[in-house]
There are 2 protein chains.
Amino acid sequence: MTGTRGVDTAQLMEQLSVSLAAYYGDFTVAAASENLTASQGKTLNVLRRGPAAMRVLASILTCDASNMTGIVDRLEKRGLVQREPSPTDRRVKNVVLTAEGERVIDVIRGKMHTTRAGLDRLSDQERDTLHDLLERAFTAQPAAA
Amino acid sequence: MTGTRGVDTAQLMEQLSVSLAAYYGDFTVAAASENLTASQGKTLNVLRRGPAAMRVLASILTCDASNMTGIVDRLEKRGLVQREPSPTDRRVKNVVLTAEGERVIDVIRGKMHTTRAGLDRLSDQERDTLHDLLERAFTAQPAAA
DNA sequence: CGTCGATGCTTGAGAACTTCAAGCAATTGC
DNA sequence: GCAATTGCTTGAAGTTCTCAAGCATCGACG
C-alpha cells in the first residue's frame, strides 16, 4: 500500500496541465480584477524578483523581444514599471517595478484564493515535498560543465 | 532533518509560477513547431480528454465564449477539429478532435523534451507523490453539497 | 584606432487573441 | 404560451504576438 500505484509520465503530464490551467486561470482572473491582462500580470510577477533587462523578460516569458516593448510600454504608461538605462551597457534597458507596481502585483497574488485554498489542503510537510519536487523537476540546471 | 524546512505558501506559489513558466514555455515552443499558437495548442490539449461544448472550452481556458469561436474557426479550417451539433440541445455545438488533430496534439506533447527530462529526474515513487499532491491541491472538489 | 559582426531594443505590418456589447436560436420555468 | 435564461456568433476596439528591418552599442580583431 505504499508507492506502487504506477503513475506513468503521460498521466503526470496530464495532471500538470490540469493543475497549471487552474493556477493560470486563478492568476488571470486576479490580474483582470486589477485591469491587467495576463501578459501584463506575468511581467509584473517576474519583476517581483528584481529588475530585468527586456531581453531577459522576453526569454522568461517565451516571447519575442519586440513583444516586450509593447507590454512594457503599456505598463510604464500606467506607472507600474519604469525603464532604466543599464550603467554597464548602454544598449540595455532594465525594467524596474515602481512602488505602485509592487503594490498591484501583491494585491493580485493576494487574490488568488482558489490556489491558496488548494495549497491549504496540504499539510506543512506535504507543501515542503511539493516545493522540493517542483524545484528539482523544473528549476534544476540541465548540465554544469 | 526530515520535513522541517519551512516553506511557506508564498514561496510555494513562487515555485509554482516558475514551474508553470517552464512548462508553458516548453509547450509553446512545441506548439509553434507545428505552426499552432499557444491558445490553439491548449484547445487541442483539452479536447484530448474528449469532445466539449464551446462553453465548456471557454470555461476551462478561462476566456470569453466569443473568443473560442475564432480559435475553433481557425482549428476547423485546418481540419484539426470539427463542430458537431449536440443531439440533446440544439443550441450547443460539441467540438471534437479529428484524426489529424489527435495526431498533431500527440506530436506536440511528444516534443516537450524539457518537461519530460525534468520529470525523469524524479523517481517512480516521487512522481506518484507529485501526482497525488497536485491532484489534491488542484483537482479536488471545493464542496460537495 | 577603425571596421566588422554580434547583441539589445525599437518600429511597422499583419495575424491572432481577447473582451465587451449586441443579437439570434433554442431551452427552461412558470 | 411567454418570459427569462442559456449557448453560440458577430462586430468593434485594444492587446498580444511574430517577423523583418533598422538603429545604437558593444566586442573582437587587425
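Just so it is clear: chains get the letters A, B, ... in the order the sequence lines come, proteins before strands, and each one is counted from 1.
- Nucleotides of DNA chain D nearest to Arg90(A) and Ile71(A) differ in position, and the one nearer the 5' end is that of Ile71(A).
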Which side-chain N or O atoms in residues 35-42 of chain B pair as donor and acceptor under 3.5 Å with protein atoms at least two apart or in another chain?
| residue | atom | partner | partner atom | Å |
| --- | --- | --- | --- | --- |
| Thr37(B) | OG1 | Gln40(B) | N | 3.2 |
| Gln40(B) | OE1 | Thr37(B) | N | 3.0 |

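- In summary, Asp124(A) and Arg127(A) engage in a salt bridge, as defined by a charged side-chain N under 4.0 Å from a carboxylate O.
- When all heavy atoms of Ala137(A) and Leu122(B) are compared, the pair lying nearest together is CB-CD1, 4.3 Å.
- Contact check of residues 21-43 of chain A against DNA chain C (heavy atom, cut-off under 4.0 Å) returns no residues at all.
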Requested in this report: Spell out protein contact along nucleotides 5-12 of chain D as letters: B when the base is contacted, S when just the sugar-phosphate is, - when no protein heavy atom is under 4.0 Å; keep the 5' to 3' order.
Outcome: -BSSBB--
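- When each of Met112(B), His113(B), Lys111(B) is checked for a side chain to side chain contact (heavy atoms under 4.5 Å, CB included) with Thr115(B), only Met112(B) meets the rule.
- The nearest whole Å value for the distance from the NZ atom in Lys77(B) to the P atom in dC17(C) is 11 Å.
- For the side chain to side chain contact (heavy atoms under 4.5 Å, CB included) with Ile60(B), the lone residue among Asn45(B), Val46(B), Thr43(B) that qualifies is Val46(B).
- Here dA16(C) presents its C1' atom at 12 Å from CG of Leu75(B), a figure rounded to the nearest Å.
- Between Thr114(A) and Val29(A), every side-chain heavy-atom pair lies at or beyond the 4.5 Å cut-off.
- In terms of phosphate contacts, Arg74(A) brings a side-chain nitrogen or oxygen within less than 4.0 Å of OP1 or OP2 of dT16(D).
- We find that Arg78(B) and Glu100(B) are not joined by a salt bridge, their nearest charged nitrogen and carboxylate oxygen being 4.0 Å or further apart.
- Under the 4.0 Å criterion applied to side-chain N and carboxylate O atoms, Asp73(A) and Lys77(A) are not assigned as salt-bridge partners.
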